[in-house]
Amino acid sequence: MDVALGVLLGMVLAASLAAGWRLVARPREVLDPEGSSMQGAVHAATSLLPHLRRGLSAESARPAAGHLRTLTGAPAVAVADRELLLAFAGAGADHHHAGDALEDLVKEGHESRVHVEPRLHCPAAGCPLRSAIVAPLVVQERRVGTLVALYDRPGRLRLEESRVVGEAAALVSAMIELSEVEAQGERLARAELRALRAQISPHFIYNALAAVASFIHSRPEEARELLIEFSDFIRYAFARQRPHVTLADELRYVEKYLRLEQARFGERLRVRVQVDPEVLQTVVPVLSVQPLVENAVRHGVESSAGTGRVEIEGRDLGGDIELRVSDDGEGIDPEAAQAALDGRGSGIGLGNVHGRLQSTFGPEYGLEVEQTGGAGTTVVMTLPKFRAGVRAG
């Protein structure tokens, strides 16, 4: 369950980065654009997770509405299914309630577009709400609900406000869709579950967010850059319909991962990358190198009180290539290494990567784990430089 939580959190942060940063960039009268705004946006986004991971219902929408109000900066927020309000938070909550018809609050609008209602006509005396931004909640191209941000001024609303509400709705939609995936998890084959779990480690997600949070007040610009790196990496990790990429693309996102880890470890993490240019256009399974590098960081740096070294080397072997990922940690027992390759160990994704390499390129390719003779471990990936029918997405 903690793995599923980590996967959900990763997708959520990727979907919410734009909304979070737009909140930071908004005018000072809305939010202070320094570290407190970033912290508030990130906190609001992550706080939605334990609620909406259960799907869209009155029970989940009620606690989520307050966080959505913080994320959008609106005086009031309503969350609805296709017909009824599921939750309402903020100004006007004394007479707008869960169970009210959505059409009594706002017009239904387009199935898949954000729209603005510049003038609301609430029959309740003294209602402070004058306008609204209505954003559909869309899962797999079908509208499952509506997010409504309400404001206390009539007329045209700022374009930036519409964008923020649209991003917040995209965030909620991603959570709902992921909750459906999680609900189907028990029905997935064991191999599919293992592949999902190996996509990205929740251990990394939590630590990356902790590293960003540590810079929010002291170095807000660096925190912003790290969030962008994090968002780029998460989007790459969860990109659909792209089973293969070039080694150059894979290494580009490995560098983003390492930048986040270096923000966490500082001078304790030393990295060396040396890859022959001739091998960069080789096609590899997506997320085949990052789990190896993550293992190296965990065993070479995280488990040590001192500094650690991670090396990535890529060599042209003619018709094949060899990629070596090394650390100078305590090493790994040969039996434990074989168990990891067989998918029976507790490591991060070695068995998954090995299996995908062999299913794509044949049993003669895959991973091997070498001991360096003393401290440290090297994982060696061998694959063909070219294979007919295997193309980068």
Side-chain angles (χ1 to χ4, degrees), residues 15-16 18-34 36-48 51-52 56 58 60-81 84-110 113-137 145-173 175:
S16 64
W21 188 250
R22 284 186 178 114
L23 283 173
V24 177
R26 291 171 69 185
R28 290 182 178 271
E29 66 267 18
V30 180
L31 284 176
D32 172 19
E34 300 299 330
S36 59
S37 298
M38 177 70 75
Q39 189 175 37
V42 172
H43 176 72
T46 55
S47 296
L48 289 168
H51 308 301
L52 291 177
L56 183 63
S60 64
R62 187 165 49 251
H67 297 300
L68 286 166
R69 184 183 173 205
T70 300
L71 191 61
T72 61
V77 160
V79 181
D81 59 19
L84 302 176
L85 299 189
L86 300 176
F88 190 99
D94 57 332
H95 58 279
H96 292 295
H97 307 286
D100 292 349
L102 175 62
E103 64 181 10
D104 291 342
L105 181 66
V106 293
K107 297 177 182 177
E108 189 168 333
H110 194 277
R113 296 178 187 169
V114 178
H115 76 276
V116 174
E117 292 199 15
R119 296 190 182 279
L120 298 179
H121 302 285
C122 179
C127 180
L129 304 175
R130 296 290 182 267
S131 58
I133 299 172
V134 184
L137 304 177
T146 303
L147 172 65
V148 184
L150 300 119
Y151 300 84
D152 54 8
R153 62 187 189 281
R156 296 179 61 86
L157 296 170
R158 291 192 293 266
L159 178 61
E160 197 62 25
E161 290 172 321
S162 294
R163 288 177 176 170
V164 169
V165 175
E167 292 289 350
L171 163 61
V172 174
S173 299
M175 289 181 175

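Keep in mind that this is a model prediction, so the values were computed, not measured.
- Annotation: the span from R130 atom CZ to L157 atom CG amounts to 13.5 Å, rounded to 0.5 Å.
- Taking 4.5 Å as the limit, some side-chain heavy atom of V79 sits within range of a side-chain heavy atom of L68.
- Between T72 and A168 the shortest heavy-atom distance is CG2-CB, 3.9 Å.
- R158 contributes atom CZ, which lies 9.0 Å from atom CD of E160 (distance to the nearest 0.5 angstrom).
- L56 and G145 get closest at one heavy-atom pair: CD2-CA, 4.2 Å.
- Atoms CG and CG, on L105 and L129 in that order, are 7.5 Å from each other to the nearest 0.5 Å.
- Atom-to-atom distance recorded for L120:CG and Y151:OH is 11.5 Å, nearest 0.5 angstrom.
- Taking S162 as the reference, nothing meets the side chain to side chain donor-acceptor pair (under 3.5 Å) condition, with sequence neighbours excluded.
- The line from SG of C127 to NE2 of H121 is 12.0 Å long, rounded to the nearest 0.5 Å.
- Not counting sequence neighbours, the partners of A89 by the side chain to side chain contact (heavy atoms under 4.5 Å, CB included) test are A65.
- For the pair P118 and V116, the tightest heavy-atom approach, listed with the atom from each and the gap, is CD-O, 3.5 Å.
- What you find for P75 and D152 is that their closest heavy atoms are CG-N, 4.1 Å.
- Residues L84 and D81 approach most closely at N-OD1, 2.7 Å, considering heavy atoms.
- By the 4.5 Å heavy-atom criterion applied to side chains, T146 and V134 are counted as neighbours.
- Across all their heavy atoms, P128 and G92 have their closest contact at CG-N, 4.2 Å.
- I133 pairs in a side-chain contact (heavy atoms from CB on, under 4.5 Å) with only one of the listed residues (V148, V164, L150, V165), which is V165.
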Counting only pairs under 3.5 Å, give me each side-chain donor-acceptor contact of residues 94-102, with atom names and distances, residues two or more places apart or in other chains.
from: H97; atom 1: NE2; to: D94; atom 2: O; distance (Å): 3.2
from: D100; atom 1: OD2; to: H97; atom 2: N; distance (Å): 2.9

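- Under the salt bridge (Lys or Arg N to Asp or Glu O under 4.0 Å) criterion, R153 pairs with E161, sequence neighbours left out.
- Atoms CG and CG, on D104 and L85 in that order, are 8.5 Å from each other to the nearest 0.5 Å.
- Between L71 and L171 the shortest side-chain heavy-atom distance falls below 4.5 Å.
- E117 has its side chain within reach of H115: a pair of non-hydrogen atoms, C-beta onward, lies under 4.5 Å apart.
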